[in-house]
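I have placed the structure first, in the form of structure tokens, so that the comments after it can refer back to it.
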Amino acid sequence: MTEEEFAITMNNVTKEFKVLNRHEGLKGSLKDLFSRDYKTVTAVDNISIKIKAGEIVGYLGPNGAGKSTTIKMMTGVLEPTRGEIFVNGSIPYKNRTRNAENIGVVFGQRSQLWWSLPLIESFKLLKDIYMIPDADYNQMLELYRELADIESLLHKPVRQMSLGQRTLSDILAAFLHNPKIVFLDEPTIGLDVAMKAKIRNLIKGLNQEKNTTVILTTHDMGDVDVLCQRIVIIDHGSIIYDNDIEHLKHYFGSYRTLRLNLADSGWKEIIVDEAKTDVMSVISEYQIKGGIKDIKLEDISTEEVIKKIYEQAASRSA
């Protein structure tokens, strides 16, 4: 595969920050004003990754793992301390305007919609900002109508929308100029089941129709299962997993989730590694202890698999 086929390429990228060693109390605060006592914190540690055009990649990790720092380097907000990064063939922090024209972002509560205006007016302003041709703009609106049934939202002021409607609208705005890459940070957080499904279908549909590369950071494993062909897991600034979801589940194929409805304490969930422990022996043990009213045996969930990966990474670094 040639370099042109990769939307994002990161080669040995490291990002370090200088952090002041602060002192306690009023005297300490005054001392900090003139202090040169700094320590170096490595937020991203020698990461190399290549993301193909059109992929939906889940970029996962616990809080403080380095996800946000990596995304900020991809979007051109931060410059790496070492290493090289290319987004759509250019260096993002050296070509911020060009990079901004070819990406879309949805980050938390930082909306790009105008609060008091109807959604369609925000779309028209974005059309002018990105200089979207009339034909392309109208085509995107028709696609939005097909994928998300947005007619009822178009003339509604953003301030009157529910959280789910605002999130949906922000995602529509991020895709409006047909960017090559869209970065989505926790797009379904706090939403109900129906709105989550609607947003996931929208993202999937836009990816398929426009071959848009999507980088998704989320703690909702439902997003990962529905949307992501590939996941990258980062912890303490380093990549600890990079492969597709099926490979991930196959890797932990001997694990099962055993759910037992116990007579004295209700439902209990147990992760069993069948390569080491026989499921029937676990069931027998709990039957002897207090009796079992019901049993469910399921494949391990993506969420539990990722927890296992975190645990393994933590044990290796301990």
Side-chain angles (χ1 to χ4, degrees), residues 1 5-11 13 43-75 85 87 103-108 171 180-189 196-197 199-208 211-255 257 271 298-317:
M1 180 172 286
E5 293 178 80
F6 292 106
I8 298 172
T9 300
M10 299 178 68
N11 296 322
V13 171
V44 172
D45 190 7
N46 198 38
I47 280 182
S48 294
I49 184 173
K50 291 186 176 184
I51 296 173
K52 293 183 291 185
E55 278 193 288
I56 301 182
V57 177
Y59 196 60
L60 314 179
N63 293 331
K67 301 190 303 296
S68 294
T69 302
T70 311
I71 298 298
K72 286 176 181 176
M73 288 190 287
M74 290 178 178
T75 55
I85 177 170
V87 176
I103 65 172
V105 295
V106 178
F107 287 159
I171 293 172
K180 294 181 179 178
I181 304 171
V182 172
F183 297 90
L184 301 175
D185 181 32
E186 300 283 359
T188 63
I189 190 169
K196 282 185 179 184
I199 285 175
R200 288 165 184 165
N201 288 336
L202 172 65
I203 295 168
K204 200 168 188 177
L206 289 169
N207 164 260
Q208 292 171 347
N211 197 42
T212 311
T213 307
V214 177
I215 310 299
L216 172 72
T217 63
T218 182
H219 287 92
D220 189 327
M221 291 305 109
D223 293 345
V224 177
D225 281 328
V226 172
L227 294 172
C228 300
Q229 300 119 359
R230 170 187 174 191
I231 62 172
V232 176
I233 303 175
I234 183 174
D235 195 21
H236 294 94
S238 298
I239 291 175
I240 58 175
Y241 181 86
D242 180 2
N243 212 314
D244 60 58
I245 288 185
E246 291 309 312
H247 182 272
L248 182 75
K249 292 179 177 178
H250 178 74
Y251 183 64
F252 286 89
S254 63
Y255 285 88
T257 300
I271 304 298
E298 303 168 356
D299 288 337
I300 190 170
S301 67
T302 304
E303 185 173 10
E304 291 295 340
V305 168
I306 290 172
K307 284 181 183 177
K308 289 292 179 186
I309 291 177
Y310 289 159
E311 290 169 6
Q312 290 185 2
S315 64
R316 285 196 297 268
S317 60

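No hydrogens, no waters, no symmetry mates; every other heavy atom, side chains included, goes into these values.
- Of the candidates Thr70, Val57, Ile71, Thr217 forms a side-chain contact (heavy atoms from CB on, under 4.5 Å) with just one, namely Ile71.
- Contacts of Thr69 classified as side-chain contact (heavy atoms from CB on, under 4.5 Å), with partners at least two apart in sequence or in another chain: Lys15, Phe17, Ala43, Val44, Met73, Leu78.
- Judged as a side-chain contact (heavy atoms from CB on, under 4.5 Å), and not counting sequence neighbours, Asn201 has no contacts.
- Applying the side chain to side chain donor-acceptor pair (under 3.5 Å) criterion to Asn211, with sequence neighbours excluded, gives no partner residue.
- Contacts of Thr218 classified as side-chain contact (heavy atoms from CB on, under 4.5 Å), with partners at least two apart in sequence or in another chain: Leu60, Glu186, Leu216, Asp220, Asp223, Val224.
- The shortest distance between side-chain heavy atoms of Ile271 and Thr257 falls below 4.5 Å.
- One finds the OG1 atom of Thr188 at 5.0 Å from the CZ atom of Arg200 (value rounded to the nearest 0.5 Å).
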What verdict does the side chain to side chain contact (heavy atoms under 4.5 Å, CB included) test give for Thr75 and Phe183, after you've listed the backbone C-alpha separation in whole Å, the side-chain angles of each residue and the deciding distance to 0.1 Å?
CA-CA 9 Å; Thr75 55; Phe183 297 90; 3.7 Å; yes
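- Not a single side chain to side chain donor-acceptor pair (under 3.5 Å) links Thr213 to another residue, sequence neighbours left out.
- The CD1 atom of Ile240 sits 5.0 Å away from atom CG of Asp235, with the distance rounded to the nearest 0.5 Å.
- Rounded to the nearest 0.5 angstrom, Gln229 CD and Asp244 CG are separated by 9.5 Å.
- With contacts defined as side-chain heavy-atom distances shorter than 4.5 Å, the pair Lys50/Ile8 does not qualify.
- In terms of heavy-atom proximity, Arg230 sits nearest to Ile51 at NH1-CA, 3.8 Å.
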Determine, step by step, whether His219 and Asn63 satisfy the side chain to side chain contact (heavy atoms under 4.5 Å, CB included) criterion, reporting the C-alpha distance in whole Å, the side-chain angles of both residues, the deciding distance to 0.1 Å, and the verdict.
CA-CA 10 Å; His219 287 92; Asn63 293 331; 3.4 Å; yes
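- For the pair Ile199 and Pro187, the tightest heavy-atom approach, listed with the atom from each and the gap, is CD1-O, 4.1 Å.
- Atom CG of residue Asp185 and atom CD1 of residue Ile215 lie 12.5 Å apart, to the nearest 0.5 angstrom.
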Show the numbers, then the answer: is there a side chain to side chain contact (heavy atoms under 4.5 Å, CB included) between Ile171 and Leu202?
CA-CA 9 Å; Ile171 293 172; Leu202 172 65; 4.0 Å; yes
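- Although no hydrogens or angles enter the test, the distance criterion places no donor-acceptor pair under 3.5 Å between the side chain of Lys52 and the main chain of Phe6.
- Put simply, the side chain of Ile49 reaches to within 4.5 Å of the side chain of Val232, judged on heavy atoms.
- Residues meeting the side-chain contact (heavy atoms from CB on, under 4.5 Å) test with Lys180, sequence neighbours left out: Asn88, Asn102.
- Residues meeting the side chain to side chain donor-acceptor pair (under 3.5 Å) test with Ser68, sequence neighbours left out: none.
- Here Leu184 contributes atom CG and Tyr59 contributes atom OH; the two are 15.5 Å apart, rounded to the nearest 0.5 Å.
- Annotation for Thr212 and Asn207: closest pair O-ND2, 2.7 Å, computed over non-hydrogen atoms.
- Going from atom NZ of Lys72 over to atom CZ of Phe107 covers 8.5 Å, rounded to the nearest 0.5 Å.
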Asn243 vs Ile231, side chain to side chain contact (heavy atoms under 4.5 Å, CB included): CA-CA, chis, key distance, verdict:
CA-CA 6 Å; Asn243 212 314; Ile231 62 172; over 6 Å; no
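- In this structure a side-chain-to-backbone donor-acceptor pair under 3.5 Å is missing from Lys204 to Cys228.
- Scored by the salt bridge (Lys or Arg N to Asp or Glu O under 4.0 Å) test, Asp45 finds no partners at all (sequence neighbours excluded).
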